[in-house]
Amino acid sequence: MHTELYEILGVSPDADDDVIKSEYRKLARKYHPDTNPGNADAEETFKKVTGAFEVLKDPEKRKRYDEFGLDGLREGFDPAAARQYARWQTQGGGGQQFRQRTSPGASGSFHDIFGDIFGGRSPFDTSDYSNFGGFQAPMRGADISARLEIDFMTAVRGGQIEFSVQGRSLKVRIPTGADDGERLRLKGQGNPAPETSQGRGSAGDLILELGVRPHPLLRREGLHLYLDFPITMTEAILGARLTVPTPNGEFTVTIPEGVHSGARLRLKGQGIERDGKKGNFFVVLQIQSPDHIDDEIRKAAEVLVEGYKTDIRRDITL
């Protein structure tokens, strides 16, 4: 297993995603250019830390790196061909057979073998390497990560918002139904590429992790929305038609006679819409006692007792 990227983040190769993410955030804060103005060493470390995290946070990239190292991250890399070459080496291909193939007049070469692995390109062509291991060929700028806090209704409805990062004012469109922890990638809004003897590559990307602030009344489960809706004891006993607010406007619901607290009324398709799918909006009824209790209300409550024909707590056992 290759360990260079793990060492950059200061984690073990068997570290889980949470540990990797936590250590990255610590290092990113420590070496961020905004907190180290004019410090070239800190900026270089920040780029390496960010580059390592971009690989290790991605399950597929991490798997390739663990098996093949930095070569496995290159464009056009063929894992199957690389494994075939490794088997060829273990079977003696790296000895006399290899020398015969690379001798004058042979039909293939060392570069031919690796060209199959790297999609027809030499393994010594470093034009697509990121800033790992000291390569100085043209490279793209490092991606940067930031957390963007948005309110609950913006996440539900979507929309464009303006924010600032590293002193720049940017705009981003929040997709309808965005969820907490979701990531948005803004192309070319990361760090500029460093200048090398081979020129300058493209800028990195800005990775925004969304943080959705909780709503005081609504809660979300997948694409469904839930609203705790208070009703009076009279409405629970006699039934009623009441108006309920939703993100899509007001709707009238029918409270059935004799309803229990906690009963749910469904407004089909009025939840969160995402990728062509729509959730439901659930009105969760909460029966409230009167604000004021006097003798007449007490007498009325005594009459209500006659309506209970069974023990309502008969199924409560532990």
Side-chain angles (χ1 to χ4, degrees), residues 1-75 77 126 128-137 139-150 155 163-168 170 172 174-175 178-194 201-213:
M1 178 178 288
H2 301 266
T3 62
E4 180 180 356
L5 300 189
Y6 295 101
E7 292 170 1
I8 290 174
L9 294 181
V11 299
S12 65
D14 60 354
D16 61 26
D17 292 342
D18 290 338
V19 171
I20 289 174
K21 186 175 183 179
S22 175
E23 292 305 309
Y24 162 70
R25 286 180 169 175
K26 292 178 184 177
L27 293 172
R29 284 194 296 267
K30 180 178 180 180
Y31 294 105
H32 197 283
D34 284 355
T35 56
N36 299 273
N39 188 330
D41 290 339
E43 182 177 356
E44 186 67 19
T45 300
F46 177 78
K47 291 175 182 178
K48 288 188 176 183
V49 166
T50 302
F53 178 64
E54 286 301 311
V55 172
L56 299 183
K57 75 176 183 180
D58 185 302
E60 181 59 33
K61 288 182 181 179
R62 182 178 180 181
K63 182 179 179 181
R64 278 199 180 194
Y65 172 74
D66 287 345
E67 184 174 359
F68 303 108
L70 294 173
D71 283 337
L73 307 177
R74 294 177 56 185
E75 183 179 353
F77 182 82
T126 61
D128 63 342
Y129 272 109
S130 296
N131 191 26
F132 298 128
F135 294 109
Q136 295 300 316
M139 60 189 76
R140 66 188 293 273
D143 292 342
I144 59 177
S145 298
R147 184 170 176 85
L148 179 62
E149 297 287 335
I150 61 175
F163 66 100
S164 296
V165 62
Q166 292 189 351
R168 294 178 295 153
L170 299 173
V172 63
I174 306 298
D179 207 351
D180 187 70
E182 184 172 342
R183 291 183 174 183
L184 304 179
R185 180 181 292 269
L186 277 64
K187 292 287 187 180
Q189 297 298 334
N191 285 330
S202 59
D205 300 335
L206 170 60
I207 314 299
L208 286 179
E209 181 179 342
L210 299 181
V212 179
R213 292 188 288 268

Could you check whether any side-chain N or O of [X] sits under 3.5 Å from a backbone N or O of [Y], counting only pairs where one atom can act as donor and the other as acceptor?
X	Y	answer
Thr35	Arg29	yes
Asp179	Glu182	no
Asp180	Val212	yes
Thr45	Asp41	yes
Asn36	Asn39	no

Next item on the list: I would like to know whether Val49 and Leu9 meet side chain to side chain contact (heavy atoms under 4.5 Å, CB included); could you show each step before the answer?
Entry: CA-CA 6 Å; Val49 166; Leu9 294 181; 3.7 Å; yes

Note to self: Check this for me: does any side-chain nitrogen of one of Glu7 and Lys48 sit under 4.0 Å from a carboxylate oxygen of the other?
What the structure shows: no

Item checked: Lys63 with Glu60: basic N within carboxylate O range, under 4.0 Å ->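 No, Lys63 and Glu60 are not salt-bridged.
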
Margin query: I'd like to know whether Tyr6 forms a side chain to side chain donor-acceptor pair (under 3.5 Å) with Asp66, so could you lay out the CA-CA distance, the side-chain angles of the two residues, the decisive distance to 0.1 Å, and finally the verdict.
Written below: CA-CA 10 Å; Tyr6 295 101; Asp66 287 345; 2.7 Å; yes

With [X] via side-chain contact (heavy atoms from CB on, under 4.5 Å) - residues at least two apart:
X	result
Arg185	Glu54, Asp143, Lys187, Asp205, Ile207
Ala146	Val165, Leu206, Leu208
Ser12	Asp14, Ala15
Asp17	Arg62

Margin query: Is there a side chain to side chain contact (heavy atoms under 4.5 Å, CB included) between Leu27 and Thr50? Walk through the geometry before answering.
Written below: CA-CA 9 Å; Leu27 293 172; Thr50 302; over 6 Å; no

Item checked: Qualifying residues under ring-ring contact (aromatic ring centres under 6.0 Å, His included), relative to Tyr24, sequence neighbours excluded -> Phe53

Check: Side chains of His32 and Glu43: donor-acceptor distance under 3.5 Å anywhere?
Finding: no

Minimum heavy-atom distance [X]-[Y], with the two atoms named:
X	Y	answer
Gln189	Arg168	O-NH2, 2.7 Å
Glu209	Gly181	CG-O, 4.0 Å
Ala203	Gly188	CB-O, 3.7 Å

Next item on the list: For side chain to side chain contact (heavy atoms under 4.5 Å, CB included), just list the numbers for Gln166 and Ile144, CA-CA rounded to whole Å, side-chain angles, deciding distance to a tenth of an Å, and then say yes or no.
Entry: CA-CA 10 Å; Gln166 292 189 351; Ile144 59 177; 3.8 Å; yes

Notebook entry, point to check: Sequence neighbours excluded, which residues qualify as side-chain hydrogen bond (donor to acceptor under 3.5 Å, both in side chains) partners of Lys61?
Noted result: none

Check: Quick one: CG on Leu70 to OH on Tyr65, what's the gap to the nearest 0.5 Å?
Finding: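 The OH atom of Tyr65 is 5.5 Å from CG of Leu70, to the nearest 0.5 Å.
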
Next item on the list: May I have the step-by-step check of salt bridge (charged side-chain N to carboxylate O under 4.0 Å, His left out) for Arg25 and Glu23, ending in yes or no?
Entry: CA-CA 5 Å; Arg25 286 180 169 175; Glu23 292 305 309; over 6 Å; no

Next item on the list: Could you walk me through whether Lys26 and Lys21 pass the side chain to side chain contact (heavy atoms under 4.5 Å, CB included) test, one step at a time?
Entry: CA-CA 9 Å; Lys26 292 178 184 177; Lys21 186 175 183 179; over 6 Å; no

